[in-house]
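Only heavy atoms go into these numbers, but all of them, side chains included; no hydrogens, no water, no symmetry mates. This is a predicted model, so every value here is computed, not measured. Below, chain A is the first sequence line, B the second, and so on; all start at residue 1.
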Amino acid sequence: MRTSQYLLATQKEIPNDAEVISHQLMLRAGMVRKLASGLYSWLPTGLRVLNKVTQIVREEMNKAGAIEINMPVVQPADLWQQSGRWEAYGPELLRIKDRHDRDFLLGPTHEEVVTALVNNEVNSYKQLPLNLYQIQTKFRDEIRPRFGIMRGREFVMKDAYSFHLDSECLNNTYQTMHQAYCNVFDRLGLEYRPVIADSGSIGGAVSHEFHVLAESGEDDIAFSNASDYAANIELAEAVAEQYSSQASRELKIVDTGEHKTIDAVSNLLKIDPKTTVKTLIVKASEEVDAQMIALILRGDHQLNEIKAAKHEWIAEPVEFVDEKEVIAAVGCGFGTLGPVKMPLPIIADRSAANLQNFVCGANQAEKHYIDTNWDRDIGQFEVADLRNIVAGDPSPCGTGTIEIRKGIEVGHIFQLGDKYSKAMNCGVLTDTGKHQVLQMGCYGIGVTRIVAAAIEQNHDKYGIIWPENIAPFKVALIPMNMHKSHRVKEVAEKLYADLIAQGVEVLFDDRKERPGVMFADIELTGIPNSIVIGERNLDNNEVEFKKRASGEKTMLSIDNVVSFVAEN
RNA sequence: CGGUGAGUGGCGCAGCUUGGUAGCGCACUUGGUUUGGGUCCAAGGGGUCGUAGGUUCGAAUCCUAUCUCACCGACCA
């Protein structure tokens, strides 16, 4: 490709509404342009990258035994009414009507359509297992699209759906897909982690997310520094901290005045927040004979609402009780609540439950207890894992300690079980002639998001640094003053023709521009290799070969360039 | 939806307080100059100042409504 016949579309200035680096660079490098909030056009350079990612995903899906299909973007509402998601999905689902005033929607995902399809086409256990996938544009009417391509409303997703007679077969395919995902991200050249995850509203039991590690990630990933263990912080089990046993001291009540927060009380009493507990009051579920539940966490720990919501005593989703109701029930407001003589059922986090001689609110205004002990001072209580795991915690797998890093979710796989197949009565006849509902798995990859995530992970102050496998071009040909020098032009044209003949994707910068302009544009675009052709080196019959990532320069004899590029 | 801020040539911005008929940088066009890291000089094209209404002799500027966008929050496979 010649730049003079291409739409390079690079920009010097940073668009003012682009916050994250991938968004800025995708605009500046001429990859995408915004049409409206969360909606982007893909320019040639961006599309080249997107197509490479798509192709890698497609090849690995095919290798894993999945079969490509394509389903409609516009879906009839009645399928979603069958699964119950027409009501459940909320305003993120863009609903539309056709000319006959019938309800339709723009597909945010395709469980319903594929389940209906398989139900029609597959009648016998002999046709199973079956794994179908598509790579297609999805639409989700996000409350707040942000970070450019990272969280757009329209985006390309690879979604696969597998169908099985039993959960063992589902698990086999799940493991195959897990491996296929690792293969995809290995080939993409990205630093990533598969992490144990919450399945969220899509349902199902077993689930893993695949995260590209990057500072700008929206998710916190906890992982062991000494094993393969990695989990989304939403889910990572927080192990109880063990303390050496202390002689219990006498319970005392102290005046703490207006000091209410953990920090304020700790400062006042000159103690470590780790020796205090905080008390949070949440609404109770219908399982328990109480309106509210008191949750006790160590002072420096954070409540994990997802874990809390899974406790049978606690209403799901977690809802905090407002202060007036707390005062009515306990007799004091926020800031001096505590487990001693607490009239509500108590659930203590594991770490809090191991504390000895700790500080807590006294359930009286402006008072705290010091040297509280569970067995002596507090009645019955439950112990549960309620808190967020933090850096430095022992890994729940038993090996190593926890580190926390930011990740961008680019893949998510689920064992759905029969959630959709049951709702839509999707089954086959077994070998005994009985109708049996199928087990399903579903497997998503955010294809467009991968492009942004790759940039978040691979850039410098000059621009993008593409991993070789997804770069828009393999090599850039940069002639110095070609429009003045016949020799440079001759060599450049010859190399261009030879590289094309070898099947190398090459961008030939044949614009009448100054060298600095060309260097800057090529670096911004992130092409992994450059060949610089200048009078200076032609006397020795050489050109310069330069790596974008390392800046490493190699002088090459003109005769060797093509084979060198093909091999590197 | 709540909070904050912004809409002025393709992009980034000034002008608005104190109304008088729109300007700067980048980009673009032409000519010259320069040529291994975003040259320099000159000339030029391009804007119903988000939209609608109002006040006024006169509105980018003041008032009202409305739309759009961004950031923070709630939400989310």
Side-chain angles (χ1 to χ4, degrees), chain A residues 8-20 23-24 27-28 30 33-39 85 88-93 107-112 138-148 150-153 155 157-161 197-204 207-210 218-219 232 234 305-306 317-320 409-414 416 419-420 441-447 449 461-463 478-485 488 509 511-524 530-538 543-544 546 551 553 555:
Chain A
L8 197 58
T10 52
Q11 293 176 337
K12 216 186 279 190
E13 295 189 56
I14 301 170
N16 105 85
D17 58 358
E19 193 73 6
V20 296
H23 190 194
Q24 294 174 5
L27 291 168
R28 288 189 53 213
R33 290 290 182 262
K34 186 170 79 172
L35 179 64
S37 181
L39 304 176
R85 290 207 291 185
Y89 220 92
E92 202 181 70
L93 186 63
T109 176
H110 282 70
E111 281 82 8
E112 283 80 0
K138 301 277 186 278
F139 189 92
R140 292 182 191 174
D141 200 356
E142 293 280 348
I143 291 172
R144 184 149 84 84
R146 61 184 118 178
F147 307 144
M150 198 85 83
R151 186 180 285 273
R153 291 194 289 179
F155 57 98
M157 173 162 144
K158 186 284 302 175
D159 47 328
Y161 307 89
D198 187 59
S199 54
S201 64
I202 198 165
S207 172
H208 285 82
E209 291 169 351
F210 287 75
E218 288 189 274
D219 289 294
N232 194 305
E234 293 173 345
E305 296 189 26
I306 291 171
V318 170
E319 210 177 328
F320 291 95
E409 183 189 347
V410 288
H412 202 160
I413 59 178
F414 306 80
L416 290 177
K419 176 171 171 171
Y420 297 91
C442 89
Y443 318 90
I445 289 184
V447 178
R449 186 180 278 185
K461 64 177 173 174
Y462 302 110
I478 310 178
M480 302 287 97
N481 305 309
M482 181 173 77
H483 298 273
K484 283 278 172 61
S485 164
V488 170
D509 198 346
R511 292 175 299 173
K512 195 177 174 184
E513 284 290 356
R514 293 173 56 82
V517 175
M518 294 184 183
F519 287 132
D521 273 347
I522 297 301
E523 280 159 1
L524 175 60
S530 297
I531 297 167
V532 183
I533 304 153
E535 279 283 347
R536 196 196 270 180
N537 296 314
L538 287 185
V543 295
E544 180 185 297
K546 191 174 165 190
K553 295 175 183 175
M555 297 309 298

Engineer: Side chain to side chain contact (heavy atoms under 4.5 Å, CB included) with A:Met480: which of A:Asn537, A:Val532, A:Leu538, A:Ile533?
Structural biologist: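 The passing option is A:Val532.
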Engineer: In whole Å, what separates the C1' atom of B:G25 from that of B:G15?
Structural biologist: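 15 Å, rounded to whole Å.
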Engineer: So, is A:Lys34 near the phosphate of B:A70, with a side-chain N or O under 4.0 Å from OP1 or OP2?
Structural biologist: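 Indeed, a polar side-chain atom of A:Lys34 lies that close.
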Engineer: At 4.0 Å (heavy atoms only), tell me whether A:Asp219 reaches a base, stays on the sugar-phosphate, or touches nothing.
Structural biologist: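 No contact.
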Engineer: If we call it a pair only when both distances are under 3.5 Å in a Watson-Crick or G-U wobble match, what pairs with B:A74?
Structural biologist: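 In the structure as shown, B:A74 has no Watson-Crick or wobble partner.
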Engineer: With sequence neighbours excluded, what pairs up with A:Tyr161 under the ring pair (Phe, Tyr, Trp, His ring centres under 6.0 Å) test?
Structural biologist: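 Checked A:Tyr161 against ring pair (Phe, Tyr, Trp, His ring centres under 6.0 Å); zero matches.
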Engineer: Can you check side chain to side chain contact (heavy atoms under 4.5 Å, CB included) on A:Met150 and A:Phe155, steps first, answer last?
Structural biologist: CA-CA 9 Å; A:Met150 198 85 83; A:Phe155 57 98; over 6 Å; no
Engineer: How close or far is atom P of B:U33 from atom CD of A:Glu513, stated in whole angstroms?
Structural biologist: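 In whole Å, B:U33 P lies 17 Å from A:Glu513 CD.
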Engineer: How far, in whole Å, is B:C26 from B:G38 if one measures between their C1' atoms?
Structural biologist: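 11 Å, rounded to whole Å.
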Engineer: Taking atom P of B:C71 as reference, at what distance in whole Å does atom CD of A:Glu142 sit?
Structural biologist: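 My rounded result for the distance is 13 Å.
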Engineer: Look through every strand shown and name the nucleotide pairing with B:G45 as Watson-Crick or G-U wobble, where both distances are under 3.5 Å.
Structural biologist: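 By the stated definition (distances under 3.5 Å), nothing pairs with B:G45.
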Engineer: Using whole Å, what does the distance between atom C1' of nucleotide B:U33 and atom NZ of A:Lys512 come to?
Structural biologist: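 The answer, rounded to whole Å, is 11 Å.
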Engineer: Round to a whole Å and report the spacing from CG of A:Asn481 to P of B:U34.
Structural biologist: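 In whole Å, B:U34 P lies 12 Å from A:Asn481 CG.
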Engineer: When all nucleic acid strands are considered with a 4.0 Å heavy-atom cut-off, which category describes A:Met518: base, sugar-phosphate, or nothing?
Structural biologist: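 The residue A:Met518 makes no contact with any strand.
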Engineer: If you go through the side-chain atoms of A:Glu523, does one of them form a donor-acceptor pair with the base of B:G37 closer than 3.5 Å?
Structural biologist: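 Side chain to base: pair found, below 3.5 Å.
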Engineer: Take the protein atom CG of A:Asp521 and the nucleotide atom C1' of B:G36, then report the distance between them rounded to whole Å.
Structural biologist: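 Rounding to the nearest Å, CG of A:Asp521 and C1' of B:G36 are 16 Å apart.
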Engineer: Looking at residues at least two apart in the chain, or sitting in another chain, which of them share a side chain to side chain donor-acceptor pair (under 3.5 Å) with A:Arg28?
Structural biologist: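 In terms of side chain to side chain donor-acceptor pair (under 3.5 Å), with neighbours along the sequence ignored, A:Arg28 is linked to no residue.
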Engineer: State whether A:Ser37 places a side-chain N or O below 4.0 Å from either non-bridging phosphate oxygen (OP1 or OP2) of B:A70.
Structural biologist: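 Yes, within the criterion.
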Engineer: Take A:Met480 and A:Gly148, find for each the nucleotide of RNA chain B with the closest heavy atom, and name the residue whose nucleotide sits nearer the 5' end.
Structural biologist: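 That would be A:Met480.
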Engineer: Return no unless some side-chain N or O of A:Arg536 is found under 4.0 Å from OP1 or OP2 of B:G36.
Structural biologist: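 For B:G36, OP1/OP2 do not have a side-chain N/O of A:Arg536 under 4.0 Å.
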Engineer: What is the distance, rounded to the nearest whole Å, between atom CG of A:Leu27 and atom P of B:A70?
Structural biologist: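 About 12 Å, once rounded to whole Å.
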Engineer: Output one letter per nucleotide in nucleotides 1-11 of chain B: B when a protein non-hydrogen atom lies under 4.0 Å from the base, S when only the sugar-phosphate is that close, - when neither is.
Structural biologist: ----------B
Engineer: Give the nucleotide from the list B:U39, B:U35, B:G37 with an atom nearest to the side chain of A:Lys546.
Structural biologist: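 Shortest atom-to-atom distance from the side chain points to B:G37.
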Engineer: For B:U33, which nucleotide is its Watson-Crick or G-U wobble mate, given both distances must be under 3.5 Å?
Structural biologist: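 Answer to the pairing question: none, since B:U33 forms no Watson-Crick or G-U pair.
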Engineer: OP1 or OP2 of B:G12 less than 4.0 angstrom from a side-chain nitrogen or oxygen of A:Lys12, does that happen here?
Structural biologist: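 For B:G12, neither OP1 nor OP2 has a side-chain N or O of A:Lys12 closer than 4.0 Å.
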Engineer: Does A:Arg146 make a side-chain donor-acceptor contact with the base of B:A70, cut-off 3.5 Å?
Structural biologist: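 For A:Arg146, whose side chain was compared with the base of B:A70, there is no donor-acceptor pair (under 3.5 Å).
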Engineer: Distance check, C1' atoms only: B:G37 and B:A22, in whole angstrom units.
Structural biologist: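 It comes out at 37 Å once rounded to the nearest Å.
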Engineer: On the side chain of A:Glu544, is there an atom forming a donor-acceptor pair with the base of B:G36 - under 3.5 Å, no angle test?
Structural biologist: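 By the distance-only test, yes, there is a pair.
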Engineer: Before giving the answer on side chain to side chain contact (heavy atoms under 4.5 Å, CB included), spell out for A:Gln24 and A:Glu19 the whole-Å C-alpha distance, their side-chain angles and the decisive distance to 0.1 Å.
Structural biologist: CA-CA 7 Å; A:Gln24 294 174 5; A:Glu19 193 73 6; over 6 Å; no
Engineer: Taking the C1' atom of each, how far is B:U4 from B:C62, in whole Å?
Structural biologist: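 Nearest-Å result for B:U4 against B:C62 at atom C1': 24 Å.
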Engineer: Scan nucleotides 40-45 of chain B against the protein and return all N/O pairs shorter than 3.5 Å with their distances rounded to 0.1 Å.
Structural biologist:
none

Engineer: Given the C1' atoms of B:C16 and B:C72, what is the spacing between them in whole Å?
Structural biologist: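 Those two atoms are separated by 27 Å.
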Engineer: Sequence neighbours excluded, which residues qualify as side-chain contact (heavy atoms from CB on, under 4.5 Å) partners of A:Glu92?
Structural biologist: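 For A:Glu92, the residues satisfying side-chain contact (heavy atoms from CB on, under 4.5 Å) (neighbours in sequence not counted) are A:Tyr89, A:Arg140, A:Glu142.
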Engineer: Of A:Lys484 and A:His23, whose closest RNA chain B nucleotide lies nearer the 5' terminus?
Structural biologist: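 Looking at RNA chain B, the more 5' nearest nucleotide goes with A:Lys484.
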Engineer: Which residues satisfy the salt bridge (charged side-chain N to carboxylate O under 4.0 Å, His left out) test with A:Glu218, sequence neighbours excluded?
Structural biologist: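 Counting only residues at least two positions away or on another chain, A:Glu218 forms a salt bridge (charged side-chain N to carboxylate O under 4.0 Å, His left out) with A:Arg151.
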Engineer: Is a donor from one side chain sitting under 3.5 angstrom from an acceptor on the other, for A:Ser207 and A:Glu209?
Structural biologist: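 There is no such pair between these side chains.
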Engineer: With sequence neighbours excluded, what pairs up with A:His23 under the ring pair (Phe, Tyr, Trp, His ring centres under 6.0 Å) test?
Structural biologist: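 Per chain and number, A:His23 pairs via ring pair (Phe, Tyr, Trp, His ring centres under 6.0 Å) with A:Tyr40.
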Engineer: Got a sec, which residues hit side chain to side chain donor-acceptor pair (under 3.5 Å) with A:Glu535, two or more places apart in sequence or on another chain?
Structural biologist: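 In terms of side chain to side chain donor-acceptor pair (under 3.5 Å), with neighbours along the sequence ignored, A:Glu535 is linked to A:Ser485, A:Arg487.
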Engineer: A:Arg514: what forms a salt bridge (charged side-chain N to carboxylate O under 4.0 Å, His left out) with it, not counting sequence neighbours?
Structural biologist: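 By the salt bridge (charged side-chain N to carboxylate O under 4.0 Å, His left out) rule, A:Arg514 matches no residue at all.
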Engineer: Please determine, for the side chain of A:Phe519, which listed nucleotide (B:G36, B:U35, B:A77) has the closest atom?
Structural biologist: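 Of the candidates, B:G36 comes closest.
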Engineer: Distance under 6.0 Å and angle within 45° of the ring axis: does A:Lys546 meet both against A:Phe519?
Structural biologist: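 Yes, A:Lys546 and A:Phe519 form such a contact.
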Engineer: Check the distance between B:C76's P and A:Arg85's CZ and give it to me in whole angstrom.
Structural biologist: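 Going from A:Arg85 (CZ) to B:C76 (P), I get 14 Å.
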Engineer: Using the C1' atom as the point on both nucleotides, what is the distance between B:C1 and B:A74, in whole Å?
Structural biologist: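 So the two C1' atoms sit 8 Å from each other.
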Engineer: When all nucleic acid strands are considered with a 4.0 Å heavy-atom cut-off, which category describes A:Gly444: base, sugar-phosphate, or nothing?
Structural biologist: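 Nothing, no nucleic acid heavy atom in range.
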Engineer: Could you tell me if the ring centre of A:Phe414 sits under 6.0 Å from that of A:His412?
Structural biologist: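 For A:Phe414 and A:His412, the ring centres are under 6.0 Å apart.
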Engineer: Both distances under 3.5 Å, Watson-Crick or G-U wobble: report the partner of B:C62, or none.
Structural biologist: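 Its partner is B:G54 (Watson-Crick or G-U wobble, both distances under 3.5 Å).
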Engineer: Please report the distance, rounded to the nearest Å, between CD1 in A:Ile533 and C1' in B:U35.
Structural biologist: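 Checked: the CD1 to C1' distance equals 16 Å.
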Engineer: Would you mind pulling out the nucleotide paired to B:C11, Watson-Crick or G-U wobble, both distances under 3.5 Å?
Structural biologist: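 For B:C11, the partner nucleotide comes out as B:G25, under the 3.5 Å rule.
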Engineer: Expressed as a whole number of Å, how far does the P atom of B:U39 sit from that of B:C28?
Structural biologist: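 Comparing P positions in B:U39 and B:C28 gives a spacing of 11 Å.
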Engineer: Say we look at B:U8 and B:G3: how far apart would their P atoms be, to the nearest angstrom?
Structural biologist: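 The same atom, P, in both gives a distance of 24 Å.
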